Novice: 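Dumping the structure here so I can ask a few things about it.
Just so it is clear, the model here is predicted, and its values are computed rather than measured. Values below: every heavy atom of this structure, side chains too, minus hydrogens, waters and symmetry copies. Each chain gets a letter, A, B and so on, in the order its sequence line appears, and its residues count up from 1.
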2 protein chains.
Amino acid sequence: MVRGALAALLTLEGDIEIVAEAARGDEVVSLALATRPDVALLDIEMPGGDGLTAAAALHAQLPACRVLILTTFGRPGYLRRAMESSVVGFLVKDAPATQLATAIRRAMAGERVVDPALAAAALSEGNNPLTAREREVLRVAATGLSIAEVARSISLSDGTVRNYLSSAIQKLEAHNSTEAARIAEQKGWL
Amino acid sequence: MVRGALAALLTLEGDIEIVAEAARGDEVVSLALATRPDVALLDIEMPGGDGLTAAAALHAQLPACRVLILTTFGRPGYLRRAMESSVVGFLVKDAPATQLATAIRRAMAGERVVDPALAAAALSEGNNPLTAREREVLRVAATGLSIAEVARSISLSDGTVRNYLSSAIQKLEAHNSTEAARIAEQKGWL
DNA sequence: AGGCGCATATGACAGATGTCACCCCGAAGA
DNA sequence: TCTTCGGGGTGACATCTGTCATATGCGCCT
């Protein structure tokens, strides 16, 4: 519904034409190949693979198409990942609606478009301090599994999982794994 | 932005006029009193108090205004709470956009409008098994606080909090409080 | 060659968490 | 009136978590 509403809004602009809408991340590339858009507007959270993966695939297959990310959560970690890949712009959904058309025009003109408040946040937040393993363990533990279950599910020893969790907890200045997961999630570090 | 886009979409309908837009839950009543809409369309998740509270307040102050809930997550618990209060309709955002205008017209005509798939889910899920206290404790614990911190924050004894958590864990067939919180959250029972 | 960071692991230990049995009280129902 | 249920509580106990010290091996950088 939101996608449809945004499409209606953009159609009103006159100089913008909606050539396709994808409901799932894995539909993006094939739809784009069929319709050859100048600009693609993607969400990060969607079924069928996340938007950043879709963005990378799209850029690989159709480099002429500029990719804009429009997403709900302005997690700095997302922005960082997006900018490291092939994305030319990054907007959050609580920006005013008028900004959307402007952003698309600027992307079309070859500029990079990033929500200024978000860019500032990303710079001040610094880098993800977690190692790959810490991240993985934390991600699994966040679903509510016990340490033993996490250990089994990723084939590590019990104690090792405890160590990773412990070091993640300290790096995130949390007091237990639940809080650590919350913090990491909220900063887009998962 | 989403609100703006939906407003644009509805304005296109011709027979629907947007008289006001609220960014926060606590703006709803005063805006409605000032503009006297026939139908109010509310989200549940918003800053400044949740949409269900706003809906109840709105109904108390302006009973002539029909309240429709349009929200992201079709948690059956939400639907149940909504229907028990004064809401006449409940839609989820991933329904097709065309359904929105139809729903508004039907609400205007005095019908109750509920997403059929969601209604079915709500019936099959059964009732929330948690007592008020169990829910409260679980909600606070879910943010990552320790039992002692939870106890302090809601002025209960340490052991009592443990008891509530334990019984919530068993009712939800979880194995620890993190998993219990996840399950409750996912079913809309928080 | 040596140092560093990461992945992996073990063992020990304190403190947190989850379970259980049992207690009291008040309100609602049979 | 008696029973049941929820709110609130205590104490004991087993297990789980989190921390720390310590170890090996790998790969990278200087």
Side-chain angles (χ1 to χ4, degrees), chain A residues 77 80-81 84 125-190, chain B residues 77 80-81 84 125-190:
Chain A
R80 186 175 306 272
R81 264 195 286 160
E84 276 162 7
E125 286 250 347
N127 251 323
N128 188 337
L130 302 176
T131 71
R133 275 310 209 188
E134 286 161 358
R135 229 179 4 257
E136 187 178 6
V137 167
L138 196 53
R139 205 182 320 122
V140 178
T143 68
L145 298 186
S146 71
I147 287 188
E149 289 168 321
V150 172
R152 244 173 298 138
S153 97
I154 54 182
S155 303
L156 281 180
S157 104
D158 224 50
T160 305
V161 170
R162 282 226 293 275
N163 288 339
Y164 285 145
L165 266 185
S166 179
S167 88
I169 288 169
Q170 300 197 328
K171 284 179 180 177
L172 299 173
E173 299 178 76
H175 299 96
N176 56 55
S177 59
T178 306
E179 193 186 358
R182 231 186 17 84
I183 294 174
E185 156 76 354
Q186 181 242 311
K187 300 216 177 192
W189 285 345
L190 268 194
Chain B
R80 186 175 304 271
R81 264 195 285 159
E84 278 163 5
E125 284 250 347
N127 250 323
N128 186 338
L130 302 176
T131 70
R133 277 311 208 183
E134 287 162 358
R135 224 172 17 249
E136 186 178 7
V137 166
L138 196 53
R139 205 184 317 124
V140 178
T143 68
L145 297 186
S146 72
I147 286 188
E149 291 168 319
V150 172
R152 244 173 299 136
S153 97
I154 54 181
S155 304
L156 281 181
S157 104
D158 224 50
T160 305
V161 171
R162 283 228 293 273
N163 286 340
Y164 284 144
L165 267 184
S166 179
S167 90
I169 289 170
Q170 299 197 329
K171 286 180 179 176
L172 299 172
E173 298 178 78
H175 300 97
N176 56 55
S177 60
T178 307
E179 193 186 359
R182 229 185 22 80
I183 294 173
E185 157 76 353
Q186 180 243 309
K187 301 217 176 189
W189 287 345
L190 270 195

Novice: List the atom of B:Ile169, the atom of B:Ala180, and the distance in Å for their closest heavy-atom pair.
Specialist: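 That would be CG1-CB, 4.0 Å.
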Novice: Nearest whole Å is fine: how far is C:dA16 P from B:Ile169 CD1?
Specialist: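 One finds 17 Å between P of C:dA16 and CD1 of B:Ile169, rounded.
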Novice: How long is the span from the CZ atom in B:Arg139 to the CD1 atom in B:Ile154, to the nearest 0.5 Å?
Specialist: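 It comes to 9.0 Å.
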Novice: Using whole Å, what does the distance between atom P of nucleotide C:dT17 and atom CG of A:Asn176 come to?
Specialist: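 About 7 Å, once rounded to whole Å.
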Novice: Apply side chain to side chain contact (heavy atoms under 4.5 Å, CB included) to B:Leu172 and B:Leu130, showing your working.
Specialist: CA-CA 9 Å; B:Leu172 299 172; B:Leu130 302 176; 4.2 Å; yes
Novice: Under 4.0 Å between a Lys/Arg side-chain N and an Asp/Glu carboxylate O for B:Arg182 and B:Glu185?
Specialist: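 Looking at B:Arg182 and B:Glu185, the cut-off is not met.
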Novice: What verdict does the side chain to side chain contact (heavy atoms under 4.5 Å, CB included) test give for A:Trp189 and A:Leu138, after you've listed the backbone C-alpha separation in whole Å, the side-chain angles of each residue and the deciding distance to 0.1 Å?
Specialist: CA-CA 10 Å; A:Trp189 285 345; A:Leu138 196 53; over 6 Å; no
Novice: How long is the line joining CD of A:Glu149 and C1' of D:dT15, in whole Å?
Specialist: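 One finds 14 Å between C1' of D:dT15 and CD of A:Glu149, rounded.
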Novice: Using atom types as modelled and distance alone, determine if a side-chain donor or acceptor of B:Ser153 lies under 3.5 Å from a backbone N or O of B:Val150.
Specialist: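 Looks like yes, one N/O pair under 3.5 Å.
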Novice: Should A:Ser177 be listed as having a side-chain N or O under 4.0 Å from OP1 or OP2 of D:dG18?
Specialist: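 For A:Ser177, the contact criterion (side-chain N or O under 4.0 Å from OP1 or OP2 of D:dG18) is met.
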Novice: With rounding to the nearest 0.5 angstrom, report the OG1 to NZ distance, B:Thr131 to B:Lys171.
Specialist: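 If we round to the nearest 0.5 Å, B:Thr131:OG1 and B:Lys171:NZ are 5.0 Å apart.
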Novice: Please report the distance, rounded to the nearest Å, between NE2 in B:His175 and C1' in D:dT15.
Specialist: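 Those two atoms, NE2 and C1', are 14 Å apart.
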Novice: To the nearest Å, give me how far apart CG (B:Asp158) and C1' (D:dA12) are.
Specialist: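 B:Asp158 atom CG is separated from D:dA12 atom C1' by 15 Å.
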Novice: Measuring to OP1 and OP2 of C:dC20, would you say a side-chain N or O of B:Gln170 lies under 4.0 angstrom away?
Specialist: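 Affirmative; the distance criterion is met.
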Novice: Please answer whether the main-chain N or O of A:Leu145 pairs with a side-chain N or O of A:Glu149 as donor and acceptor at a distance below 3.5 Å.
Specialist: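 Answer holds: no.
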Novice: Could you give the CZ-to-C1' distance, from B:Arg162 to D:dA14, as a whole number of Å?
Specialist: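 Going from B:Arg162 (CZ) to D:dA14 (C1'), I get 12 Å.
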Novice: Has B:Asp158 got a side-chain atom pairing as donor or acceptor with B:Ala151's backbone, closer than 3.5 angstrom?
Specialist: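 No, B:Asp158 side chain to B:Ala151 backbone: no donor-acceptor pair under 3.5 Å.
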Novice: Measure CG/A:Leu165 against P/C:dA9 and give the value in whole Å, please.
Specialist: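 Rounded to the whole Å, the gap is 14 Å.
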Novice: In residues 137-148 of chain A, which ones come under 4.0 Å of DNA chain D, going by heavy atoms?
Specialist: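 Heavy-atom cutoff 4.0 Å gives A:Ser146, A:Ile147.
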Novice: Can you check nucleotides 5-9 of chain D for protein contacts, nitrogen or oxygen pairs under 3.5 Å, and list what you find?
Specialist:
unit_1: D:dG7; atom_1: OP1; unit_2: B:Arg133; atom_2: N; d: 3.4
unit_1: D:dG7; atom_1: OP2; unit_2: B:Thr131; atom_2: OG1; d: 2.8
unit_1: D:dG8; atom_1: OP1; unit_2: B:Arg133; atom_2: NH2; d: 3.0
unit_1: D:dG8; atom_1: OP2; unit_2: B:Arg133; atom_2: NE; d: 2.2
unit_1: D:dG8; atom_1: OP2; unit_2: B:Arg133; atom_2: NH2; d: 2.9
unit_1: D:dG9; atom_1: OP2; unit_2: B:Ser157; atom_2: N; d: 3.0
unit_1: D:dG9; atom_1: OP2; unit_2: B:Thr160; atom_2: OG1; d: 3.4
unit_1: D:dG9; atom_1: O6; unit_2: B:Asn163; atom_2: ND2; d: 3.4

